[in-house]
Amino acid sequence: SGYSSNELIGKDVSVLLSERNDPERILQAVECLGAQREWRGEIIAQDRAGREFWDAISVTPIQDELGASSYFLVVGQDITEKVKAREAMSAAQDAKAKAEKLLSIGTMAAGISHEINQPLNSIKVISGGMVYLINQGEKLQTEEIAESVREISSQADRIAKIIKHLRSFIRRDEKKPVPCELNTSVELALGLVGEQLAGHSVLVKKDLQPKLPSVAAYPTGLEEIIVNVLVNAMQAFEAIAQSNKEIVIRTYFSGQVILE
């Protein structure tokens, strides 16, 4: 720590702790020691010069003959390099996950384009027809106009739903697992990559058991897993010379909900 023993005797232990420590963690340590129990954990310490470093410590109460804790034995080890390596590995895993997600999104592009083009074409046809009739001097009835506007609004809602779904898939911002319908997740995943699979001449057959129990999962996370499995299967077909490319996706219950 850079301190001499004389400099530390009588001082509060906080002089050895960084202000960046999680207050909740420090409170847990204090409560544990107050109950005369050993505490182990990782903290951010600081030396006499103010340099911060990660310290793995264990604090053991030393009891006297009456069972009271008069002293504490503290053993610490500088684990700064270990923490840096751990953080670097975590960052690499995050980067890998993001790269895989970008690959999935790229693969889904064709399917998303197809899904959006359908309602866009409907809007174009309906609005184009109305403009044509107006230019021809036709007098449109109020109900005809209302029906056309309702259909345009419905198709716009469909586009908004697709975009919202894609945004949710990209952000993956669910806070906690919720009950999910596996078959619904399969259908949503196929809606995202179905066109791409068809473009690669891959036939998808579904064998989905109805009325399956819900599973606790992150909705977009579950969907992402299914998308990745389908994309991996599609890429595996590209590596082999096979004319009949078929993926069978099956769900069923056998003691637990299973996807294969």
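Worth saying up front: this structure is predicted, and the values here are computed from it rather than measured. Keep in mind that the numbers below use all heavy atoms, side chains included, and drop hydrogens, waters and symmetry copies.
Looking only at distances, a side-chain donor or acceptor of Thr80 sits under 3.5 Å from a matching main-chain atom of Trp54. One N or O on the side chain of Gln209 and one on the backbone of Phe253 form a donor-acceptor pair closer than 3.5 Å. Ser148 contributes a side-chain N or O that, together with a main-chain N or O of Glu144, makes up a donor-acceptor pair within less than 3.5 Å.
Within the 4.5 Å cutoff, no side-chain heavy atoms of Gln46 are placed close to those of Phe53. Within the 4.5 Å cutoff, the side chain of Ile57 has heavy atoms near those of the Ile43 side chain. Inter-residue side-chain proximity for Ile159 and Ile123 is flagged as met; some heavy-atom pair is nearer than 4.5 Å. Side chains of Asp47 and Glu52 form no contact here, defined as non-hydrogen atoms less than 4.5 Å apart. Taking the side chain as every heavy atom from C-beta outward, Ser127 and Ile152 approach each other to under 4.5 Å. Taking 4.5 Å as the limit, every side-chain heavy atom of Pro210 sits out of range of all side-chain heavy atoms of Leu212. At least one side-chain heavy atom of Ile247 sits less than 4.5 Å from a side-chain heavy atom of Phe237. The closest side-chain heavy-atom distance from Thr251 to Val186 is below 4.5 Å.
Taking a 6.0 Å sphere around CG of Asp94, one finds it holds more than 12 heavy atoms contributed by other residues, nucleotides or ligands.
Taken from CG in Asn228 to CD1 in Ile225, the straight-line distance is 8.0 Å, to the nearest 0.5 Å. Going from atom CD1 of Ile116 over to atom CD of Gln155 covers 12.5 Å, rounded to the nearest 0.5 Å. In this structure, CG on Asn117 lies 10.5 Å from NZ on Lys124, to the nearest 0.5 angstrom. Taken to the nearest 0.5 Å, the CD atom of Glu147 stands 8.5 Å off from the CD1 atom of Ile126. Here CG of Leu203 is found 9.5 Å from CG of Asn244. Values are rounded to the nearest 0.5 Å. Distance check: Glu187 CD to Ile226 CD1 gives 10.0 Å after rounding to the nearest 0.5 Å.
The pair Arg86-Glu42 meets the salt-bridge criterion, since a charged nitrogen lies less than 4.0 angstrom from a carboxylate oxygen. With respect to the salt-bridge test (charged N to carboxylate O, under 4.0 angstrom), the residues Arg150 and Glu143 qualify.
When every heavy atom of Cys180 is checked against every heavy atom of Tyr218, the shortest pair comes out as SG-C, 4.5 Å. The shortest non-hydrogen separation linking Asp55 to Asp78 is OD1-N, 3.7 Å. The two residues Cys32 and Glu38 come nearest to each other via the heavy atoms SG-O, 3.2 Å. Taking both residues in full, the closest heavy atoms of Val257 and Pro213 are given as CG2-O, 3.5 Å, listed atom of the first, atom of the second, then distance. Residues Ser185 and Glu223 come closest through the heavy atom pair O-CG, 4.1 Å. The nearest pair of heavy atoms linking Trp39 to Arg25 is CZ2-CG, 4.1 Å.
Screening Asn183, Leu259, Thr184, Leu182 against Leu208 for a side chain to side chain contact (heavy atoms under 4.5 Å, CB included) leaves a single residue, Asn183.
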Leu190 vs Leu230, side-chain contact (heavy atoms from CB on, under 4.5 Å): CA-CA, chis, key distance, verdict: CA-CA 8 Å; Leu190 287 172; Leu230 292 169; 3.7 Å; yes
Pair Glu138-Ile134, side-chain contact (heavy atoms from CB on, under 4.5 Å): steps then yes or no: CA-CA 5 Å; Glu138 295 282 346; Ile134 291 171; over 6 Å; no
Intermediate values then yes/no, side-chain contact (heavy atoms from CB on, under 4.5 Å), Glu81 and Ile79: CA-CA 6 Å; Glu81 293 306 316; Ile79 58 168; over 6 Å; no
Trace of the side chain to side chain donor-acceptor pair (under 3.5 Å) decision for Ser122 with Glu151: CA-CA 9 Å; Ser122 295; Glu151 182 60 25; 5.5 Å; no
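Linking ILVMFWY side-chain heavy atoms closer than 4.5 Å, directly or via other members, places Leu188 and Leu197 in two distinct hydrophobic clusters. Hydrophobic clustering (ILVMFWY, side-chain heavy atoms < 4.5 Å, transitive): Val59 and Leu27 are in distinct clusters. If you chain together hydrophobic residues whose side chains sit under 4.5 Å apart, Val193 and Ile249 fall into the same group. Linking Ile, Leu, Val, Met, Phe, Trp and Tyr residues whenever their side-chain heavy atoms come within less than 4.5 Å leaves Val125 and Leu120 in two separate clusters. Using a 4.5 Å cut-off between side-chain heavy atoms of Ile, Leu, Val, Met, Phe, Trp and Tyr, with links allowed through other members, Leu17 and Phe72 fall into the same hydrophobic cluster.
In this structure, a donor-acceptor pair under 3.5 Å is present between the side chains of Tyr252 and Glu260.
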